[in-house]
Number of protein chains: 2
Amino acid sequence: MSEASVPPVNERKRGSGVKRVYDVLRDEILDLVLAPGSPIDEIQLAERLAMSRTPIREALVRLASEGLVTTLPNRSTVVANIDFLNLQAFFDALTVMYRVTTRLAAQNRTEENLEMIRARQADFARAVESHDALAMIASNAEFHKAIATAARNPYFAGLANRLLDDGRRLMRVYYSSFGDHLPHCYVVEHEDIIAAIVARDVARADLLATAHADQIVSHIRAVIARDDRLHIDL
Amino acid sequence: MSEASVPPVNERKRGSGVKRVYDVLRDEILDLVLAPGSPIDEIQLAERLAMSRTPIREALVRLASEGLVTTLPNRSTVVANIDFLNLQAFFDALTVMYRVTTRLAAQNRTEENLEMIRARQADFARAVESHDALAMIASNAEFHKAIATAARNPYFAGLANRLLDDGRRLMRVYYSSFGDHLPHCYVVEHEDIIAAIVARDVARADLLATAHADQIVSHIRAVIARDDRLHIDL
DNA sequence: TGCATATTGTTTGTCGACAAGAAATTCGAT
DNA sequence: ATCGAATTTCTTGTCGACAAACAATATGCA
């Protein structure tokens, strides 16, 4: 056949549709490009991503079961709210998760895991150095996800993913609070944690993870308290 | 119009489709009616439940994100395997989950929670009394889910759901191992746990939860060791 | 006969369309 | 003019159909 069947530039691979929608929506939700509580219109999304509503709905179902969106029956699905009322639950779970994943990482880590953890820590240090608050938040989450992976426990890994995603959104609300010297102590703490994991020192890993969690909790608490006062002033 | 538009008896309410498929499949997977690893045919399911493939696919996506099925791209989705190789991870997570949810339940429970927990414990005792192993397994999971609810922490509740679902499948593999007197000690331990939650005795709740977890872990370990020997004999 | 290739068949991924609910709007009555 | 009811509009939930990808079978060649 002489006619060259030129494939349209927008030709998509089969099966990539759902994953694409999921990735785009997930990023936009975690980066607060989509504000919590804002509705998600399926048709609009379908037009924007140049595909049918079916893959979009399947992506939404997945996001819903991960708690990132809420589907109101027969009504629009909305971006999940950040639950400021139940922050204590978040802090409790975060602390436990940090402790157990860091402990288990010290027990079960491989050389491969260490490489990944060090790479994520390098990303984090770079973000801190260039004062990029958004990159700091994201790379911090990735650092702890790498530790959770090294812990070799899918149940804790799932918990970590959920907590760190919510944490990303939560911190992004207050990202202006990240100043110059405070993040640097996080870098040092991360280095200490890595050292404990390398040395397979479980007790020390637990101790450092607890301290790290406390640090973050009190930081967020301080920022929110300040913010509350501002709200009261209005 | 004279012709009475008789609605077919099978008229379904709008929006109930996905939930129905999800519930049916979930039950069949947890009860091992669908064997781990067996493929799920969408068309067959669509015919069986008298609906289109669309709601079935959405239910499958949800089940996949909860780890109950695995979707092979462009190939059939299969019931998730029970991971016998990584049992240590399951035991680790189960122990931590029991401890934190029971602790938090002792802290945060309401009277309403207590009623629910006692009701589930009554179900469990009834199942033990009538030597119904399948009901025992299910009602035991529901008992601990009620405690997780009383803990008022959605992150731990999610972890508990996942662990208890996997545990239900795991125990059902060995359900013949539940004899006459062993379950009774579980009933007593449950009663002690309830007492600690009622008394808001956090330390004691933690202690009892730890012992309860150890009990279950060693029980399952013993059953599996016996089973392994059988396998070796073949 | 044994292996590589072409063909057929089955199952998934995606699409456009239609019907049911809910929100928004219009209309009417007090 | 305001409140309530009917209608319109808009979005979701479901459906049947088509196309791509994988599996199985059949075909051709050494």
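Note that these values count all heavy atoms, side chains included, but never hydrogens, waters or copies made by symmetry. Keep in mind it's a predicted model, so treat the numbers as computed, not measured. In the text below, chain A, chain B and the rest are named by the order of the sequence lines, each starting its count at 1.
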Enquirer: Using atom CD1 of A:Ile43 as one end and atom C1' of D:dT11 as the other, report the distance to the nearest whole Å.
Expert: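 From A:Ile43 CD1 to D:dT11 C1': 6 Å.
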Enquirer: Base, sugar-phosphate alone, or nothing: which one does B:Leu60 contact when heavy atoms must sit under 4.0 Å apart?
Expert: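 Nothing, no nucleic acid heavy atom in range.
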Enquirer: Please report, to 0.1 Å, the donor-acceptor pairs under 3.5 Å made by any side chain of residues 61-70 of chain A, with sequence neighbours excluded.
Expert:
unit_1	atom_1	unit_2	atom_2	d
A:Ser65	OG	A:Arg62	O	3.1
A:Ser65	OG	B:Ser65	OG	2.2
A:Glu66	OE1	A:Tyr22	OH	2.6
A:Glu66	OE2	A:Tyr22	OH	3.2

Enquirer: Taking the side chain as every heavy atom from C-beta outward, state whether B:Val100 and B:Leu159 have any atom pair closer than 4.5 Å.
Expert: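 Sidechains of B:Leu159 and B:Val100: no contact.
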Enquirer: For the residue pair B:Tyr155 and A:Ala93, what are the closest heavy atoms and their distance?
Expert: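 Minimum heavy-atom separation between B:Tyr155 and A:Ala93: CB-CB, 3.7 Å.
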Enquirer: Identify whether the distance between the nearest side-chain nitrogen and carboxylate oxygen of A:Asp123 and A:Arg120 falls below 4.0 Å.
Expert: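 Here A:Asp123 pairs with A:Arg120 in a salt bridge, since their nearest N and O are under 4.0 Å apart.
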Enquirer: Would you tabulate the pairs of protein nitrogen or oxygen atoms and nucleotide nitrogen or oxygen atoms of nucleotides 16-18 of chain C closer than 3.5 angstrom?
Expert:
none

Enquirer: What are the residues of residues 17-29 of chain B, sorted by number, that bring a heavy atom to within less than 4.0 Å of DNA chain D?
Expert: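 B:Gly17, B:Val18 - these, ordered by number, are the residues of the stretch whose heavy atoms sit under 4.0 Å from the strand.
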Enquirer: Give a yes or no on whether the backbone of A:Met136 and the side-chain of A:Asn140 come within a donor-acceptor separation of less than 3.5 Å.
Expert: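 Absent.
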Enquirer: Using whole Å, report how far CD of A:Glu58 lies from P of C:dT14.
Expert: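 My rounded result for the distance is 7 Å.
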Enquirer: Using a strict 4.0 Å threshold on nitrogen-to-oxygen distance, state whether B:Arg162 and B:Asp165 make a salt bridge.
Expert: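 Not counted as a salt bridge, because no side-chain N and carboxylate O are separated by less than 4.0 Å.
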Enquirer: Write out all pairs satisfying salt bridge (Lys or Arg N to Asp or Glu O under 4.0 Å) with one or both partners inside residues 100-110 of chain B, taking only residues at least two apart or from two chains.
Expert: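 Output for this query lists B:Arg103-B:Asp206.
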Enquirer: Do B:Gln107 and A:Asp92 have side chains that get closer than 4.5 Å, going by heavy atoms?
Expert: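 Side chain of B:Gln107 against side chain of A:Asp92, heavy atoms only: no contact under 4.5 Å found.
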Enquirer: Give the ring-plane orientation class for B:Phe143 versus B:His190, where under 30° counts as parallel, over 60° as perpendicular and anything between as tilted.
Expert: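 Plane angle under 30°, so parallel.
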Enquirer: Rounded to whole angstrom units, what separation is found between the CD atom of B:Glu42 and the P atom of D:dT14?
Expert: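 Interatomic distance, CD of B:Glu42 to P of D:dT14: 15 Å.
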Enquirer: Where are the stems of DNA chain D, defined as at least 3 consecutive Watson-Crick or wobble G-U pairs with both distances under 3.5 Å?
Expert: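 Stem list for DNA chain D: C:1-30 with D:1-30.
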Enquirer: Look at all strands and tell whether B:Ile40 reaches a base, only sugar-phosphate, or nothing, counting heavy atoms closer than 4.0 Å.
Expert: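 The answer is sugar-phosphate, as B:Ile40 gets under 4.0 Å only of primed atoms, P, OP1 or OP2.
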Enquirer: Is any NZ, NE, NH1 or NH2 atom of the basic residue among B:Glu42 and B:Arg53 found under 4.0 Å from an Asp or Glu carboxylate oxygen of the other?
Expert: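 Looking at B:Arg53 together with B:Glu42, the answer is yes, because their closest N to O distance falls below 4.0 Å.
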Enquirer: Taking side chain as C-beta onward, heavy atoms only, is A:Leu134 less than 4.5 Å from A:Asp132?
Expert: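 Result yes, sub-4.5 Å side-chain heavy-atom pair found.
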Enquirer: Could you state the atom-to-atom distance from CD1 of B:Ile56 to P of C:dT11 in whole Å?
Expert: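 In whole Å, C:dT11 P lies 14 Å from B:Ile56 CD1.
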Enquirer: For the pair made of CG in B:Asp41 and P in D:dA23, what is the distance, rounded to whole Å?
Expert: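 One finds 15 Å between P of D:dA23 and CG of B:Asp41, rounded.
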Enquirer: Where along residues 67-76 of chain A does a heavy atom come under 4.0 Å from DNA chain D, residue by residue in number order?
Expert: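 DNA chain D contact set from residues 67-76 of chain A: A:Asn74, A:Arg75, A:Ser76.
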